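Below is one structure, written out as C-alpha coordinates, with a few remarks after it.
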Amino acid sequence: MTRAHAPRHDWTLAEARALFARPLNDLVFEAQAALRAHFDPHAVQTSQLLSIKTGGCAENCGYCAQSSHFDTGVKATKLTILDEVLDAARDAKANGASRFCMGAAWRSLKDRDVERVCTLISEVKAMGLETCATLGMLEPGQAERLQAAGLDYYNHNLDTGRDYYPQIVTTRTYDDRLDTLAKARDAGLKLCCGGIVGMGESLDDQLGLLIELAQLSPHPESVPINRLVPIAGTPLAGAAPIDDIDTVRLIAVARIMLPASYVRLSAGRESMSRELQALCLLAGANSFFVGGRLLTTPNAGEDEDSALLRAMGFATEAPRVGQLEAAE
Ligand code: SAM
Ligand code: DTB
Ligand code: SF4
(Lines give C-alpha, C1' and ligand atoms only; values in the text may rest on other atoms or scores of the structure.)
(Ligands and ions follow the chains in the order given, each with its own letter.)
Protein backbone atom coordinates (compact mmCIF):
# COMPACT_ATOMS: atom_id res chain seq x y z
CA MET A 1 0.00 0.00 0.00
CA THR A 2 1.34 3.44 -0.88
CA ARG A 3 0.97 6.11 1.80
CA ALA A 4 -1.35 8.01 -0.53
CA HIS A 5 -3.98 5.28 -0.15
CA ALA A 6 -3.63 4.53 3.56
CA PRO A 7 -6.97 4.81 5.42
CA ARG A 8 -7.52 8.30 6.90
CA HIS A 9 -10.01 9.44 9.51
CA ASP A 10 -9.85 13.22 9.08
CA TRP A 11 -11.45 13.92 5.71
CA THR A 12 -12.92 17.41 5.47
CA LEU A 13 -15.99 18.50 3.54
CA ALA A 14 -13.80 20.72 1.35
CA GLU A 15 -11.60 17.75 0.41
CA ALA A 16 -14.59 15.52 -0.29
CA ARG A 17 -16.22 18.20 -2.46
CA ALA A 18 -12.97 18.69 -4.38
CA LEU A 19 -12.71 14.93 -5.06
CA PHE A 20 -16.33 14.76 -6.22
CA ALA A 21 -15.81 17.70 -8.59
CA ARG A 22 -12.72 16.29 -10.37
CA PRO A 23 -12.90 15.38 -14.05
CA LEU A 24 -14.50 11.93 -14.11
CA ASN A 25 -11.49 10.19 -15.63
CA ASP A 26 -9.13 11.60 -12.99
CA LEU A 27 -11.53 10.65 -10.21
CA VAL A 28 -11.97 7.08 -11.50
CA PHE A 29 -8.20 6.76 -12.09
CA GLU A 30 -7.52 7.63 -8.46
CA ALA A 31 -10.32 5.37 -7.24
CA GLN A 32 -8.78 2.48 -9.22
CA ALA A 33 -5.39 3.20 -7.66
CA ALA A 34 -6.97 3.16 -4.19
CA LEU A 35 -8.75 -0.12 -4.98
CA ARG A 36 -5.57 -1.71 -6.31
CA ALA A 37 -3.61 -0.68 -3.20
CA HIS A 38 -5.86 -2.90 -1.06
CA PHE A 39 -7.72 -5.46 -3.18
CA ASP A 40 -7.52 -7.80 -6.13
CA PRO A 41 -9.20 -5.46 -8.66
CA HIS A 42 -10.76 -8.38 -10.56
CA ALA A 43 -12.56 -9.97 -7.60
CA VAL A 44 -16.05 -8.97 -6.53
CA GLN A 45 -17.31 -9.96 -3.10
CA THR A 46 -20.91 -11.19 -3.15
CA SER A 47 -23.42 -11.39 -0.30
CA GLN A 48 -26.94 -12.77 -0.27
CA LEU A 49 -29.71 -11.43 1.94
CA LEU A 50 -32.56 -13.10 3.74
CA SER A 51 -35.23 -11.33 5.74
CA ILE A 52 -35.53 -13.54 8.83
CA LYS A 53 -38.23 -11.35 10.40
CA THR A 54 -40.19 -9.09 8.11
CA GLY A 55 -42.33 -6.01 8.77
CA GLY A 56 -44.07 -4.58 11.83
CA CYS A 57 -41.02 -2.50 12.83
CA ALA A 58 -41.52 0.23 15.45
CA GLU A 59 -39.05 2.65 13.79
CA ASN A 60 -40.22 5.26 11.26
CA CYS A 61 -37.38 5.19 8.71
CA GLY A 62 -38.98 7.12 5.83
CA TYR A 63 -37.63 4.80 3.14
CA CYS A 64 -38.60 1.47 4.63
CA ALA A 65 -41.24 -1.02 3.50
CA GLN A 66 -41.13 -2.66 6.94
CA SER A 67 -42.02 0.23 9.23
CA SER A 68 -45.36 -0.16 11.02
CA HIS A 69 -45.79 3.62 10.66
CA PHE A 70 -46.57 3.33 6.94
CA ASP A 71 -49.10 1.37 4.95
CA THR A 72 -46.88 -0.45 2.44
CA GLY A 73 -48.74 -3.74 2.16
CA VAL A 74 -45.82 -5.69 3.68
CA LYS A 75 -47.12 -8.36 6.06
CA ALA A 76 -45.41 -8.79 9.42
CA THR A 77 -43.95 -12.26 10.01
CA LYS A 78 -42.42 -14.09 12.96
CA LEU A 79 -38.75 -15.10 13.12
CA THR A 80 -38.06 -17.60 10.30
CA ILE A 81 -37.44 -21.20 11.36
CA LEU A 82 -33.97 -22.73 11.09
CA ASP A 83 -34.73 -25.09 8.17
CA GLU A 84 -35.91 -22.25 5.95
CA VAL A 85 -32.88 -20.17 6.81
CA LEU A 86 -30.56 -23.06 6.00
CA ASP A 87 -32.34 -23.65 2.67
CA ALA A 88 -31.77 -19.99 1.78
CA ALA A 89 -28.13 -20.19 2.89
CA ARG A 90 -27.63 -23.28 0.67
CA ASP A 91 -29.13 -21.32 -2.22
CA ALA A 92 -26.75 -18.42 -1.47
CA LYS A 93 -23.78 -20.78 -1.54
CA ALA A 94 -24.96 -22.26 -4.82
CA ASN A 95 -25.18 -18.70 -6.19
CA GLY A 96 -21.50 -18.25 -5.29
CA ALA A 97 -22.17 -15.83 -2.40
CA SER A 98 -19.38 -15.66 0.16
CA ARG A 99 -21.52 -14.01 2.83
CA PHE A 100 -25.05 -14.63 4.06
CA CYS A 101 -26.81 -11.64 5.63
CA MET A 102 -29.80 -12.10 7.89
CA GLY A 103 -32.02 -9.05 8.37
CA ALA A 104 -34.70 -8.59 11.01
CA ALA A 105 -37.13 -5.67 11.10
CA TRP A 106 -36.56 -4.94 14.76
CA ARG A 107 -36.01 -1.59 16.42
CA SER A 108 -33.68 -3.45 18.78
CA LEU A 109 -32.69 -7.01 19.50
CA LYS A 110 -34.57 -8.48 22.48
CA ASP A 111 -32.74 -10.76 24.90
CA ARG A 112 -35.45 -13.39 24.45
CA ASP A 113 -34.54 -13.70 20.73
CA VAL A 114 -30.76 -13.80 21.09
CA GLU A 115 -30.46 -17.55 21.54
CA ARG A 116 -32.54 -18.39 18.46
CA VAL A 117 -30.62 -15.88 16.34
CA CYS A 118 -27.34 -17.33 17.64
CA THR A 119 -28.44 -20.80 16.48
CA LEU A 120 -29.16 -19.43 12.98
CA ILE A 121 -25.74 -17.76 12.92
CA SER A 122 -23.76 -20.81 14.05
CA GLU A 123 -25.55 -23.14 11.63
CA VAL A 124 -24.99 -20.81 8.66
CA LYS A 125 -21.35 -20.36 9.65
CA ALA A 126 -20.96 -24.14 9.78
CA MET A 127 -21.89 -24.22 6.07
CA GLY A 128 -18.67 -22.31 5.29
CA LEU A 129 -20.29 -18.94 4.68
CA GLU A 130 -19.33 -15.65 6.27
CA THR A 131 -22.19 -14.44 8.46
CA CYS A 132 -23.74 -10.99 8.71
CA ALA A 133 -26.76 -9.89 10.72
CA THR A 134 -28.77 -6.69 10.92
CA LEU A 135 -31.04 -6.80 13.93
CA GLY A 136 -31.48 -3.19 15.02
CA MET A 137 -29.98 -1.58 18.12
CA LEU A 138 -27.93 -3.73 20.49
CA GLU A 139 -27.99 -3.82 24.30
CA PRO A 140 -24.82 -4.40 26.34
CA GLY A 141 -23.63 -8.01 26.11
CA GLN A 142 -25.65 -8.96 23.03
CA ALA A 143 -22.91 -8.30 20.48
CA GLU A 144 -20.56 -10.55 22.47
CA ARG A 145 -23.11 -13.39 22.32
CA LEU A 146 -23.56 -12.95 18.57
CA GLN A 147 -19.79 -12.93 18.09
CA ALA A 148 -19.37 -16.09 20.16
CA ALA A 149 -22.01 -17.80 17.99
CA GLY A 150 -19.89 -17.15 14.89
CA LEU A 151 -21.13 -13.79 13.63
CA ASP A 152 -18.57 -12.08 11.39
CA TYR A 153 -20.31 -8.80 10.47
CA TYR A 154 -22.93 -6.56 12.05
CA ASN A 155 -24.82 -4.34 9.59
CA HIS A 156 -26.13 -1.06 10.96
CA ASN A 157 -26.28 1.86 8.53
CA LEU A 158 -25.84 5.55 9.28
CA ASP A 159 -28.01 6.04 6.18
CA THR A 160 -27.16 9.71 5.46
CA GLY A 161 -25.26 12.71 6.79
CA ARG A 162 -25.85 13.78 10.38
CA ASP A 163 -27.71 16.99 9.43
CA TYR A 164 -30.21 15.29 7.12
CA TYR A 165 -30.83 12.28 9.37
CA PRO A 166 -33.75 13.82 11.36
CA GLN A 167 -35.61 14.33 8.04
CA ILE A 168 -35.52 10.57 7.49
CA VAL A 169 -36.13 9.04 10.91
CA THR A 170 -37.20 10.53 14.22
CA THR A 171 -37.62 7.44 16.42
CA ARG A 172 -33.86 7.20 17.06
CA THR A 173 -30.83 9.45 16.74
CA TYR A 174 -27.58 9.40 14.80
CA ASP A 175 -25.76 8.89 18.09
CA ASP A 176 -27.97 5.85 18.86
CA ARG A 177 -26.68 4.37 15.61
CA LEU A 178 -23.05 5.18 16.48
CA ASP A 179 -23.54 3.66 19.93
CA THR A 180 -24.67 0.31 18.47
CA LEU A 181 -21.79 0.38 16.00
CA ALA A 182 -19.37 0.90 18.91
CA LYS A 183 -20.90 -2.03 20.82
CA ALA A 184 -20.52 -4.30 17.79
CA ARG A 185 -16.92 -3.18 17.21
CA ASP A 186 -15.99 -3.59 20.88
CA ALA A 187 -17.25 -7.17 20.78
CA GLY A 188 -14.84 -7.94 17.94
CA LEU A 189 -17.39 -7.89 15.12
CA LYS A 190 -16.59 -6.49 11.70
CA LEU A 191 -18.82 -3.60 10.68
CA CYS A 192 -21.01 -3.28 7.62
CA CYS A 193 -22.13 0.32 7.61
CA GLY A 194 -23.21 2.63 4.82
CA GLY A 195 -26.26 4.49 3.64
CA ILE A 196 -28.84 5.37 1.04
CA VAL A 197 -28.76 7.98 -1.70
CA GLY A 198 -31.75 9.44 -3.51
CA MET A 199 -33.76 10.44 -0.44
CA GLY A 200 -33.83 14.14 -1.36
CA GLU A 201 -30.53 14.82 0.41
CA SER A 202 -27.90 17.26 -0.86
CA LEU A 203 -24.44 16.35 -2.13
CA ASP A 204 -23.03 17.67 1.17
CA ASP A 205 -25.29 15.23 3.04
CA GLN A 206 -23.94 12.37 0.92
CA LEU A 207 -20.35 13.49 1.48
CA GLY A 208 -21.16 14.07 5.17
CA LEU A 209 -22.10 10.39 5.42
CA LEU A 210 -18.75 9.35 3.91
CA ILE A 211 -16.90 11.68 6.31
CA GLU A 212 -18.74 10.12 9.30
CA LEU A 213 -17.93 6.61 8.06
CA ALA A 214 -14.28 7.59 7.63
CA GLN A 215 -14.20 8.89 11.20
CA LEU A 216 -14.92 5.39 12.49
CA SER A 217 -11.66 3.78 13.49
CA PRO A 218 -11.02 1.31 12.03
CA HIS A 219 -13.18 2.01 8.98
CA PRO A 220 -16.18 -0.32 8.52
CA GLU A 221 -14.92 -3.34 6.59
CA SER A 222 -18.04 -3.21 4.40
CA VAL A 223 -19.75 -0.07 3.12
CA PRO A 224 -23.11 -0.61 1.40
CA ILE A 225 -24.22 2.23 -0.85
CA ASN A 226 -27.95 1.81 -1.52
CA ARG A 227 -29.88 3.78 -4.13
CA LEU A 228 -33.35 4.31 -2.73
CA VAL A 229 -35.83 1.67 -3.85
CA PRO A 230 -39.01 3.77 -3.73
CA ILE A 231 -41.71 2.03 -1.70
CA ALA A 232 -45.34 3.05 -2.23
CA GLY A 233 -46.88 4.20 1.04
CA THR A 234 -43.64 5.58 2.53
CA PRO A 235 -42.92 9.32 2.79
CA LEU A 236 -40.04 8.90 0.32
CA ALA A 237 -42.06 7.09 -2.35
CA GLY A 238 -41.79 10.10 -4.69
CA ALA A 239 -38.19 11.16 -4.01
CA ALA A 240 -36.23 12.20 -7.13
CA PRO A 241 -33.63 9.58 -8.11
CA ILE A 242 -29.97 10.57 -8.01
CA ASP A 243 -28.25 11.21 -11.34
CA ASP A 244 -26.42 8.20 -12.78
CA ILE A 245 -23.05 9.91 -13.27
CA ASP A 246 -23.28 11.38 -9.77
CA THR A 247 -23.79 7.82 -8.51
CA VAL A 248 -20.51 6.83 -10.19
CA ARG A 249 -18.77 9.87 -8.72
CA LEU A 250 -20.01 9.07 -5.23
CA ILE A 251 -18.85 5.46 -5.46
CA ALA A 252 -15.41 6.69 -6.54
CA VAL A 253 -15.23 9.17 -3.64
CA ALA A 254 -16.28 6.38 -1.25
CA ARG A 255 -13.49 4.16 -2.63
CA ILE A 256 -10.90 6.90 -2.15
CA MET A 257 -12.06 7.93 1.33
CA LEU A 258 -12.53 4.34 2.54
CA PRO A 259 -9.81 2.66 0.49
CA ALA A 260 -9.53 -0.64 2.36
CA SER A 261 -13.29 -1.24 2.73
CA TYR A 262 -15.51 -3.33 0.50
CA VAL A 263 -17.76 -0.75 -1.20
CA ARG A 264 -21.00 -2.51 -2.01
CA LEU A 265 -23.35 -1.52 -4.80
CA SER A 266 -26.39 -2.47 -2.76
CA ALA A 267 -30.13 -1.87 -3.11
CA GLY A 268 -31.27 -0.16 -6.29
CA ARG A 269 -29.38 -2.18 -8.91
CA GLU A 270 -32.76 -2.96 -10.48
CA SER A 271 -32.98 0.70 -11.49
CA MET A 272 -29.45 0.70 -12.98
CA SER A 273 -28.47 -0.43 -16.47
CA ARG A 274 -25.68 -2.99 -16.72
CA GLU A 275 -23.50 -0.24 -18.17
CA LEU A 276 -24.08 1.95 -15.12
CA GLN A 277 -23.30 -0.99 -12.85
CA ALA A 278 -20.12 -1.59 -14.86
CA LEU A 279 -19.13 2.06 -14.41
CA CYS A 280 -19.66 1.73 -10.64
CA LEU A 281 -17.43 -1.36 -10.60
CA LEU A 282 -14.81 0.62 -12.56
CA ALA A 283 -15.15 3.45 -10.03
CA GLY A 284 -14.16 1.16 -7.18
CA ALA A 285 -17.26 -0.72 -6.02
CA ASN A 286 -16.11 -4.30 -5.35
CA SER A 287 -19.13 -5.99 -3.85
CA PHE A 288 -22.83 -6.52 -4.53
CA PHE A 289 -25.83 -8.49 -3.37
CA VAL A 290 -26.65 -11.60 -5.37
CA GLY A 291 -29.89 -13.58 -5.40
CA GLY A 292 -33.26 -12.59 -6.77
CA ARG A 293 -34.39 -10.81 -3.62
CA LEU A 294 -33.11 -8.21 -1.16
CA LEU A 295 -35.31 -8.04 1.96
CA THR A 296 -38.77 -7.17 0.62
CA THR A 297 -37.89 -6.08 -2.94
CA PRO A 298 -36.44 -7.82 -6.03
CA ASN A 299 -32.75 -7.86 -6.91
CA ALA A 300 -30.85 -8.51 -10.15
CA GLY A 301 -30.96 -12.20 -11.06
CA GLU A 302 -28.02 -14.57 -11.00
CA ASP A 303 -27.80 -14.87 -14.80
CA GLU A 304 -27.54 -11.10 -15.31
CA ASP A 305 -24.86 -10.82 -12.62
CA SER A 306 -22.77 -13.68 -13.98
CA ALA A 307 -23.02 -12.19 -17.47
CA LEU A 308 -21.91 -8.78 -16.20
CA LEU A 309 -18.92 -10.20 -14.33
CA ARG A 310 -17.98 -12.33 -17.35
CA ALA A 311 -18.22 -9.33 -19.66
CA MET A 312 -15.89 -7.39 -17.38
CA GLY A 313 -13.40 -10.23 -16.93
CA PHE A 314 -14.08 -10.28 -13.18
CA ALA A 315 -14.74 -13.19 -10.84
CA THR A 316 -16.51 -13.56 -7.51
CA GLU A 317 -14.36 -13.69 -4.41
CA ALA A 318 -14.25 -16.94 -2.43
CA PRO A 319 -15.48 -16.85 1.19
CA ARG A 320 -12.70 -15.60 3.44
CA VAL A 321 -14.05 -17.62 6.34
CA GLY A 322 -13.17 -20.88 4.55
CA GLN A 323 -9.65 -19.65 3.84
CA LEU A 324 -9.10 -18.56 7.43
CA GLU A 325 -10.34 -21.85 8.84
CA ALA A 326 -8.20 -23.82 6.40
CA ALA A 327 -5.13 -21.83 7.50
CA GLU A 328 -5.70 -22.49 11.21
N1 SAM B 1 -33.84 -2.95 11.12
C2 SAM B 1 -32.45 -2.98 10.90
C3 SAM B 1 -31.84 -1.61 10.81
O4 SAM B 1 -32.49 -0.70 10.34
O5 SAM B 1 -30.67 -1.48 11.18
C6 SAM B 1 -32.04 -3.76 9.70
C7 SAM B 1 -32.81 -3.81 8.42
S8 SAM B 1 -32.79 -2.36 7.39
C9 SAM B 1 -33.98 -2.79 6.24
C10 SAM B 1 -31.22 -2.32 6.60
C11 SAM B 1 -30.87 -1.16 5.73
O12 SAM B 1 -31.44 -1.34 4.44
C13 SAM B 1 -31.32 0.22 6.13
O14 SAM B 1 -30.49 0.78 7.07
C15 SAM B 1 -31.26 0.99 4.82
O16 SAM B 1 -30.00 1.59 4.65
C17 SAM B 1 -31.47 -0.10 3.77
N18 SAM B 1 -32.80 0.06 3.14
C19 SAM B 1 -33.98 -0.23 3.70
N20 SAM B 1 -35.00 0.05 2.85
C21 SAM B 1 -34.44 0.54 1.74
C22 SAM B 1 -34.97 1.03 0.50
N23 SAM B 1 -36.26 1.09 0.27
N24 SAM B 1 -34.09 1.46 -0.45
C25 SAM B 1 -32.76 1.40 -0.21
N26 SAM B 1 -32.22 0.96 0.94
C27 SAM B 1 -33.03 0.54 1.90
C1 DTB C 1 -28.02 -2.64 3.23
O2 DTB C 1 -27.32 -1.59 3.33
N3 DTB C 1 -28.89 -2.87 2.26
C4 DTB C 1 -29.55 -4.14 2.47
C5 DTB C 1 -28.83 -4.70 3.72
N6 DTB C 1 -27.96 -3.63 4.09
C7 DTB C 1 -29.60 -5.20 4.86
C8 DTB C 1 -31.02 -4.02 2.54
C9 DTB C 1 -31.62 -3.35 1.33
C10 DTB C 1 -33.10 -3.32 1.48
C11 DTB C 1 -33.79 -2.83 0.26
C12 DTB C 1 -35.25 -2.72 0.40
C13 DTB C 1 -35.98 -3.99 0.68
O14 DTB C 1 -35.74 -5.03 0.03
O15 DTB C 1 -36.87 -3.96 1.54
FE1 SF4 D 1 -37.17 -0.88 11.02
FE2 SF4 D 1 -34.75 -1.16 9.92
FE3 SF4 D 1 -36.89 -0.59 8.39
FE4 SF4 D 1 -35.93 1.27 10.03
S5 SF4 D 1 -34.84 0.33 8.29
S6 SF4 D 1 -38.09 0.73 9.79
S7 SF4 D 1 -35.25 0.02 11.76
S8 SF4 D 1 -36.56 -2.45 9.55
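These numbers were taken from a predicted model, which means no experiment stands behind them. All residue numbers in this chain count up from 1 along the given sequence. In listed order, ligands and their atoms are each counted from 1.
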Requested in this report: Report the part of Arg172 in contact with ligand 3, treating N, CA, C, O as backbone and CB onward as side chain, heavy atoms under 4.0 Å; options are side chain, backbone, both, neither.
Outcome: side chain
Requested in this report: Check each atom of ligand 1 against the heavy atoms of Trp106 and keep those under 4.0 Å away; list them by number with element.
Outcome: 1 (N)
**Report entry** Any Arg227 heavy atom less than 4.0 Å to ligand 1
**Finding:** yes
Query raised in the report: In terms of hydrophobic clustering (I, L, V, M, F, W, Y; side-chain heavy atoms under 4.5 Å; direct or indirect links), are Ile225 and Phe20 co-clustered?
Result: yes
Query - Sub-3.5 Å N/O-N/O distance, Thr134 and ligand 2 - result: no
Query raised in the report: Which protein non-hydrogen atom lies closest to atom 3 (N) of ligand 2, naming both residue and atom, and how far is it?
Result: Asn226 OD1, 3.0 Å
**Report entry** Region of Thr234 engaging ligand 1 - heavy atom pairs below 4.0 Å
**Finding:** neither
Query - Atoms in ligand 1 with a heavy atom of Val229 nearer than 4.0 Å - result: 22 (C), 23 (N), 24 (N), 25 (C)
Query raised in the report: So which protein heavy atom does atom 7 (C) of ligand 2 come closest to, and at what separation?
Result: Leu49 CD2, 3.6 Å
Query - Any Thr316 side-chain heavy atom under 4.5 Å of Ser98 side chain - result: no
Report task. Check His156 against Arg177 and note the closest heavy-atom contact, atom names and distance. Result -> CE1-NH1, 2.9 Å
Query - Taking every non-hydrogen atom, the tightest pair across Leu135 and Tyr154 - result: N-OH, 3.0 Å
Report task. Check each atom of ligand 2 against the heavy atoms of Phe289 and keep those under 4.0 Å away; list them by number with element. Result -> 3 (N), 4 (C), 5 (C)
Report task. Record the part of Ala104 in heavy-atom contact with ligand 1 below 4.0 Å; permitted values are side chain, backbone, both and neither. Result -> backbone
Query raised in the report: Within a strict 4.5 Å, meaning less than it, do heavy atoms of the Ser287 and Glu317 side chains meet?
Result: no
Report task. Identify whether the distance between the nearest side-chain nitrogen and carboxylate oxygen of Asp244 and Arg227 falls below 4.0 Å. Result -> yes
Report summary line: Ranked by distance from atom 8 (C) of ligand 2, the top protein heavy atom is Leu295 CD1, 3.8 Å
Query raised in the report: Considering distance alone, does some N or O of Tyr63 sit under 3.5 Å from an N or O of ligand 1?
Result: yes
Report summary line: Checking Arg99, Lys125, Lys190 against Glu130 for side-chain hydrogen bond (donor to acceptor under 3.5 Å, both in side chains), the one that qualifies is Arg99
Report task. With heavy atoms only and a cut-off of under 4.0 Å, state how Ile231 meets ligand 2: side chain, backbone, both or neither. Result -> neither
Query raised in the report: Can you tell me if CG on Asp71 sees more than 12 non-hydrogen neighbours from other groups inside 6.0 Å?
Result: no
Query raised in the report: What residue and atom, counting heavy atoms only, is the protein's closest point to atom 10 (C) of ligand 1, and at what distance?
Result: Asn155 OD1, 4.1 Å
Report task. Pick one of side chain, backbone, both or neither for how Asp159 approaches ligand 1, counting any non-hydrogen atom pair under 4.0 Å. Result -> side chain
Query raised in the report: Any N/O of Asn157 closer than 3.5 Å to an N/O of ligand 1?
Result: yes
Report summary line: In terms of heavy-atom contacts, Ser266 and Asn226 come closest through CB-OD1, 3.1 Å
Query raised in the report: At their closest point, which heavy atom of Arg162 faces which heavy atom of Leu178, and how far apart are they?
Result: NH2-CD1, 3.4 Å
Query - ligand 2 atoms in contact with Pro224 (distance to a heavy atom under 4.0 Å) - result: 2 (O)
Query raised in the report: Under 4.5 Å between any side-chain heavy atoms of Gln206 and Arg249, yes or no?
Result: no
Query - Within reach of ligand 1, part of Asn226 (heavy-atom separation under 4.0 Å) - result: side chain
Requested in this report: Report yes or no: does a heavy atom of Arg177 sit under 4.0 Å from some atom of ligand 1?
Outcome: yes
Query raised in the report: What do you think, any protein heavy atom under 4.0 angstrom from atom 2 (Fe) of ligand 3?
Result: no
Query raised in the report: Can Glu304 and Arg269 be counted as an ion pair, charged N to O under 4.0 angstrom?
Result: no
Requested in this report: Check whether any N or O atom of Leu295, backbone or side chain, sits under 3.5 Å from an N or O atom of ligand 1, and answer yes or no.
Outcome: no
Report task. Give the numbers and elements of all ligand 1 atoms closer than 4.0 Å to a heavy atom of Leu228. Result -> 24 (N), 25 (C)
Report summary line: atom 11 (C) of ligand 2 has as its nearest protein heavy atom Ala267 CB, 3.8 Å
Query raised in the report: Strictly by modelled atom types, are Gln45 and Asn286 linked by a side-chain donor-acceptor pair under 3.5 Å?
Result: no
Query raised in the report: In the protein, which heavy atom is nearest to atom 27 (C) of ligand 1, and how far is it?
Result: Ile196 CD1, 3.7 Å
Requested in this report: Report yes or no: does a heavy atom of Val229 sit under 4.0 Å from some atom of ligand 2?
Outcome: no
Query raised in the report: Below 4.0 angstrom, N of the basic side chain to O of the carboxylate: do Arg185 and Glu221 qualify?
Result: yes
Query raised in the report: Quick check: are there more than 12 heavy atoms from other residues, nucleotides or ligands sitting under 6.0 Å from CD of Glu115?
Result: no
Query raised in the report: If two hydrophobic side chains count as joined below 4.5 Å and joins carry through other members, does Leu250 share a cluster with Leu282?
Result: yes
Query raised in the report: Which residue supplies the protein heavy atom nearest to atom 6 (C) of ligand 1, what is that atom called, and how far is it?
Result: Thr134 OG1, 2.9 Å
Requested in this report: Looking only at non-hydrogen atoms, find the nearest pair between Gly195 and Leu209 and report the distance.
Outcome: CA-CD2, 3.8 Å
Report summary line: Near atom 4 (Fe) of ligand 3 (protein N/O/S, cut-off 2.8 Å, waters excluded) we have Cys61 SG
Query raised in the report: Among the heavy atoms of Gly194, does any lie under 4.0 Å from an atom of ligand 1?
Result: no
**Report entry** Asp205 versus Thr160, side-chain donor and acceptor atoms under 3.5 Å
**Finding:** no
Requested in this report: Just say parallel, tilted or perpendicular for the rings of Tyr165 and Tyr174, cut-offs at 30° and 60°.
Outcome: perpendicular
Query raised in the report: To which of Val223, Thr54, Thr297 does the heavy atom nearest atom 13 (C) of ligand 2 belong?
Result: Thr297
Query raised in the report: Would you say His69 contacts ligand 3, with heavy atoms under 4.0 Å as the rule?
Result: no
Query - For Ile231, atoms of ligand 1 separated by under 4.0 Å from a heavy atom - result: 23 (N)
Report task. Could you tell me which atoms of ligand 2, counted from 1 in the order shown, lie closer than 4.0 angstrom to a heavy atom of Asn155? Result -> 6 (N), 7 (C)
Query - Short N or O distance, Asn157 and ligand 2, threshold 3.5 Å exclusive - result: yes
Requested in this report: Search all heavy atoms of Asp113 against all heavy atoms of Leu109 and return the closest pair with its distance.
Outcome: CB-CD1, 4.3 Å
Query raised in the report: For atom 15 (O) of ligand 2, what is the nearest protein heavy atom, given as residue, atom name and distance?
Result: Thr296 OG1, 2.6 Å
Query raised in the report: Any ion pair linking Asp186 and Lys183 (charged N to carboxylate O, less than 4.0 Å)?
Result: no
